[in-house]
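All remarks here apply to the structure that follows.
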There are 2 protein chains.
Amino acid sequence: MKPLMTLVDAGKITIASQLTDRLREAIVSGQLAAGAKINLERAREQFAVSLSPLREALARLISGGLVQFEDNRGYRVAPVSLSNLREITRLRKEFEVFALRESMSAGDIDWESDVMRALHKLNRCARDAAKPSTLEQWEASHREFHIALISGCRMPVLIEFCRVLLNLNDRYRRTFLRATSGDRKVGAEHGEIAQRAVARDVEATCERLELHIDRTGSNLLRHLAGKIGP
Amino acid sequence: MKPLMTLVDAGKITIASQLTDRLREAIVSGQLAAGAKINLERAREQFAVSLSPLREALARLISGGLVQFEDNRGYRVAPVSLSNLREITRLRKEFEVFALRESMSAGDIDWESDVMRALHKLNRCARDAAKPSTLEQWEASHREFHIALISGCRMPVLIEFCRVLLNLNDRYRRTFLRATSGDRKVGAEHGEIAQRAVARDVEATCERLELHIDRTGSNLLRHLAGKIGP
DNA sequence: GATATGGAAATAATCGATTATTTCTTGGTA
DNA sequence: TACCAAGAAATAATCGATTATTTCCATATC
């Protein structure tokens with residue numbers, strides 16, 4: 001019996017599960033390059049694990065769209081493309097706005113509180129381009145904020161879909177927009193969306209989220225086109 | 001070199017990949033009961049495979065929503081519930097209709113042809129309750145038809161999401177509606193949707209697909225409530 | 001020169017055995 | 001009886017070694 005332990009770490013215990021998180025982070029952060037072949041032997045050494053948990057972790061990442069697989073040819077990091085980024089942006093608008101609308105209709109006080117908590121945490125994250133750990137912290141808080149917004153909808157499958165889209169989107173931002181300074185507008189947008197969401201100002205909130213996703217998506221597309229287009 | 005082989009089977013070669021398909025089919029067909037724990041040792045024997053490909057196949061199925069996993073407690077078949085079925089129906093309406101609308105806007109002649117081909121194949125499937133293989137064939141054709149409808153949208157991520165929802169939905173139908181006779185109305189609905197889709201009669205098509213999903217969903221809900229409710 | 005062929009090296013896939021963790025059972029105690 | 005602890009059995013997780021497949025390269029052939 002180790003109930004305290006369980007409560008304290010509450011996290012992934014097995015190698016395969018830890019590795020799943022580490023690999024996802026490595027891909028989303030751009031540490032593992034888009035489109036790159038994943039050599040099992042080298043990955044095994046790099047992450048200091050054995051083959052079985054490595055394969056299991058990679059298998060789990062396939063349907064998140066971050067890893068591709070082909071029989072007898074192994075695993076590779078999913079490539080990036082303009083069309084993929086366009087689709088992700090389009091789907092985020094469709095799915096997240098739908099989920100947010102549901103949240104405002106079904107969310108209770110706990111949901112409202114979670115949104116405000118996530119907003120506060122996000123606002124308190126100081127991004128210091130010199131310290132990568134602060135960037136990672138901001139990314140985590142940012143993802144949590146967007147998930148918190150839609151978590152009132154009580155649709156676990158939908159939330160999971162949105163989480164997948166957020167991961168895919170974050171990879172583009174972290175890989176191709178790394179140096180960007182904190183873009184003042186974004187912070188203000190988050191605050192306004194959160195405020196109006198808990199106030200159940202449905203149409204205005206949805207409109208603003210859609211605009212927010214669109215604006216950040218277009219910004220990303222511009223940068224990406226500059227890097228892989230010409 | 002085996003180019004002919006590759007062309008002929010064009011399919012899954014490794015044990016892990018074949019097993020992924022077999023396990024998905026076993027779950028969707030109800031052969032593996034919803035909510036049931038998956039004992040690795042017994043599964044290993046039942047499917048006559050070794051542990052590594054078994055774990056890898058199960059890992060791949062997690063994010064399709066058919067398999068759940070917990071560290072050190074292993075894998076289990078995802079449970080069914082009224083709320084889960086309600087969510088799936090809701091999401092299918094939202095996303096399949098969205099994808100169909102896009103298809104009608106972006107689909108080319110190949111898309112139209114695929115739709116008509118899938119419709120024809122589906123119509124030619126005679127369901128004989130005495131012959132399970134005919135039921136399986138119908139299921140495959142039915143899934144293919146719904147995928148063909150939305151495949152014109154050119155959004156691979158969205159198509160994959162819809163495929164996941166279709167799998168989840170099919171499990172409910174195959175598990176809780178097995179004995180149902182061919183329900184005449186459904187066949188007519190498919191035909192009408194396909195015809196109007198290729199005619200780009202956007203609003204009428206979307207309306208009918210939404211109704212189709214809603215009707216089959218409600219029917220399922222009724223049956224399911226009768227079996228697990230009281 | 002382009003293309004095919006054979007074999008070696010690299011890599012992926014699988015297996016059987018071992019280790020770690022959980023679950024079950026039994027016996028003790030308040 | 002209800003609760004707890006210790007040991008045993010069952011099960012999950014991991015490892016190292018083996019097998020199968022692909023990729024690469026040198027050579028031969030047209």
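It should be emphasised that the depicted structure is a prediction, and the values quoted were computed from it without experimental measurement.
One can place CG of Leu58(B) at 16 Å from P of dT11(D), the figure rounded to the nearest angstrom. Following rounding to the nearest Å, Glu45(B) (CD) and dC15(C) (C1') show an atom-to-atom distance of 15 Å. Rounded to whole angstrom, the span from the CD atom of Gln18(A) across to the P atom of dA13(D) amounts to 13 Å. dA13(C) atom P lies 7 Å from atom CD of Glu56(B), rounded to whole Å. Following rounding to the nearest Å, Arg44(A) (CZ) and dT14(D) (C1') show an atom-to-atom distance of 13 Å. The CD1-C1' distance, from Ile38(A) to dA10(C), rounds to 17 Å in whole Å. Note: CZ (Arg55(B)) to C1' (dA17(C)) measures 15 Å, nearest angstrom. The nearest whole Å value for the distance from the CD1 atom in Ile13(A) to the P atom in dA12(D) is 15 Å.
The side chain of Ser50(B) contributes an N or O atom lying less than 4.0 Å from OP1 or OP2 of dC15(C). Phosphate proximity of dT11(C) to Arg42(A): present, with a side-chain N or O under 4.0 Å from OP1 or OP2. In this model, the phosphate group of dA13(C) is not approached by any side-chain N or O of Arg73(A) to a distance below 4.0 Å at OP1 or OP2. Close to dA12(D), at under 4.0 Å from its OP1 or OP2, lies a side-chain N or O of Lys37(B). Using a 4.0 Å cut-off, no side-chain N or O of Asn72(B) falls inside it from OP1 or OP2 of dA12(D).
Shown here for Ala43(B) and Leu54(B), the closest heavy-atom pair between the two residues is CB-CD2, 3.9 Å.
Between the side chain of Glu87(A) and the backbone N or O of Leu158(B), at least one donor-acceptor pair lies under 3.5 Å. At distances below 3.5 Å, not a single donor-acceptor pair connects side-chain atoms of Ser141(B) with backbone N or O atoms of Leu122(B).
Ring planes of His142(A) and His146(A): perpendicular class, angle over 60° (limits at 30 and 60°). Below 30°, between 30° and 60°, or above 60°: for Phe95(B) and Phe95(A) the angle between ring planes is below 30°, a parallel geometry.
The listed nucleotides are dT14(D), dT11(D), dA12(C); the one nearest the side chain of Ser52(A) is dT14(D). Each of dA13(D), dT14(C), dT11(D) was ranked by its minimum atom distance to the side chain of Asn39(B); first place goes to dT11(D).
For the pair Leu51(B) and Thr14(B), both in contact range of DNA chain C, the more 5′-proximal nearest nucleotide belongs to Thr14(B). Residue Glu41(B) is the one, among Glu41(B) and Ala48(A), whose nearest nucleotide of DNA chain D lies closer to the 5' end (criterion: closest heavy atom).
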